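The structure under discussion appears below in the form of structure tokens.
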Amino acid sequence: MTVKKRILITSALPYVAGVKHLGNLVGSMLPADIFARFCRARGHETLAICATDEHGAPIELAALEEGIGPRAYADKWHAVQKKLGDDFGLNWDNFGRSSSPANHELTLHFARQLWKNGFLELRITKQAYSVTDARFLPDRYVIGTCPHCGYDRARGDQCENCTRVLDPVDLINPRSAVSGAQDVEIRDSTHLFLKQSQFAGKLRSWIESHKHDWSPVVTSIAFKWLDEGLRDRGITRDLEWGIPVPDDIADGALKGKVFYVWFDAPIEYIAATKEWADRNGTDYLDWWQGKDVTYWEFMGKDNVPFHTVGFPVTIMGSGEPWKLVDRLKGFNWLNYDGGKFSTSGKRGIFMDKALDIAPADVWRYYLIANAPESADSNFTWEHFAGVVNKDLADVLGNFVLRVTKFCAARFDGKLPGEGEYGDEEKALIADLDHRVKTYADYLENAEFRKAMGELRAIWVVGNEYLTRAAPWAAIKTDRAKAAVGVRMGLNLVHLFTHLIWPVMPELAKTIHRAIQPIGGYPGVNGELIIPWPHESMAQELDDLTPGQTIAPPEVLVTKITDEQVEELKARFGGA
RNA sequence: GGCACCGUAGCUCAGUGGUAGAGCAGGAGAAUCAUAAUCUCUUGGUCGGCGGUUCAAAUCCGUCCGGUGCUACCA
């Protein structure tokens, strides 16, 4: 048996505005959930944390536009994301909110520690201010004519037309993106800056120490920031919605300002843990300051700088023994039919629409089997249909049906006990001993594409065995020989349910019930955990009891037809 | 503009110095338990171009071309 470990898992926090697309899902929440399920199945003490990221200018302005307060706006979308997460089988120990009291409390704690330790300082910055709107505007909320190419809707941070980096003062005829008002001026504003530059050496040696267990996409992004020279970073903003800067920091010089969303968002990992611990009567510091915990983070590459620089500086600067991440798993982008998924452009497939097309488990398998781990990967409907039809419907689903239906037709739906396993079965057992271990090793390292490749290969091995055993031929002359094939086939089906549960929990349960009641144990939020199979395939594949009733399931995975592919392409073609 | 990553079979991707790989698609055959699902065999690539280092380069270096992203006030 594997050594029991304590594993802390966080997924990058989805921004609360709107429904997330499949690129967001595959880059953080889904791999975090699959990894957490795998850890739970292995019997490790596991804590999986996610939350909505609820602060920042976009929320405040979107709420303004809808005529509701930012709190109400965040409430609405948090509920939507919670439900969609549930529908996708994302089972967190806690799905929190960065606007929670716990996060307010902890964010202030970190800010005060940093202030006390001298890692924060006041600086005066120049910022765009809209007189009509009576508010400061983030650079990208100032629009005007690009001085380089003349594009008349350039944003204050960058011109989308010629891609040049801009400053709001560069714009000709600047105006507010909020109201269109032209009385935009530049004013002074005082802010707190985090002295990241003082941590450059410490960060570099920390990241160096992870070159062997973080992927190149992660370390190269981190080193890029360090190589360019770490700059101190403003951690406050002129907004109303957020965590207010308290008067005891800088003697009230920042009255009316809030912390920058990227300062408080990662702290929510800790705060959501605290909420969970408080509810369960345990201590969150066991997880965040405990020495025997391995901490995994999952995120898209856009989040990497904040998790390799910003958040670590917050932790290091606190002077307290908070855990730094041990294994940082970063993902590239999932592209949609050659272009990018875009929330603002409504391009691609979003979590709500996806479930109208296929069940959650089908998406979970497809997405993780094609996760953009080492490079950006590309989604097409043809590819999706091909994988669903071949891997899930044919190789896995059909295997379950052919075995269970044959048992029902020829052995009266009772698992046959006649005959003994011979050389064919022993060879299969030896092969699977190796393959199941390989699969587990890949999952243990969060190498999802390779893990899914091995999982699929295991299903193929089942089909190969059945072809050699050919119980449909044996039954005519040698009932015991046919019984051996069917018994092994059913044991394989049973094995598969245990192997696929982390990836496809509902399908695993459906198949398992066809063989026998699920003997799992209670897990998170009352969900039954189907545990990892026995390490010895000789035991695992001789586990079912002769005589037990087998009930063939209905079609497990519905195929996607060519006509549907055409229809989906037309429907989701993009803006 | 700067920087980073990527460019390998029709498609989706492995492979990072030692005789080019997998799955799918395509072709041939076997089987008929099963969602016509499976199994076996098989066609297919001068590894983006050019130049260099090396006994040896998809792999290292330079350069060019193409794609994507980031560029610190979107998150």
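So you know, we letter chains A, B, ... as the sequences are listed, proteins then strands, and number each from 1. Here the structure is a predicted model, which means the values were calculated and not measured.
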A/W214: ring pair (Phe, Tyr, Trp, His ring centres under 6.0 Å) partners, not counting sequence neighbours: A/W206, A/H210
[X] [atom1] - [N] [atom2] separation (whole Å):
X	N	atom1	atom2	answer
A/N24	B/A75	CG	P	15 Å
A/L396	B/U38	CG	P	12 Å
A/R187	B/C73	CZ	P	21 Å

Output the single nucleotide from [options] whose closest atom is nearest the side chain of [X].
X	options	answer
A/A393	B/U68, B/U35, B/C13	B/U35
A/V555	B/A75, B/U35, B/A72	B/U35
A/W472	B/A72, B/U32, B/U35	B/U32
A/K224	B/U12, B/A72, B/C3	B/C3
A/L466	B/C73, B/C33, B/U38	B/C33
A/Y15	B/U12, B/C39, B/A75	B/A75
A/N378	B/C74, B/C39, B/C13	B/C13

Map A/R456 and A/D53 onto RNA chain B by nearest heavy atom, then report which one ends up closer to the 5' terminus. A/R456
In A/W262, A/F311, A/F263, the residue satisfying ring pair (Phe, Tyr, Trp, His ring centres under 6.0 Å) with A/F306 is A/W262
Show me, range against range, the stems involving RNA chain B, built from at least 3 consecutive Watson-Crick or G-U pairs below 3.5 Å. B:1-7 with B:65-71, B:10-13 with B:21-24, B:26-30 with B:38-42, B:48-52 with B:60-64
Give A/E382 one of three labels, base, sugar-phosphate or nothing, depending on what nucleic acid heavy atoms sit under 4.0 Å from its own. nothing
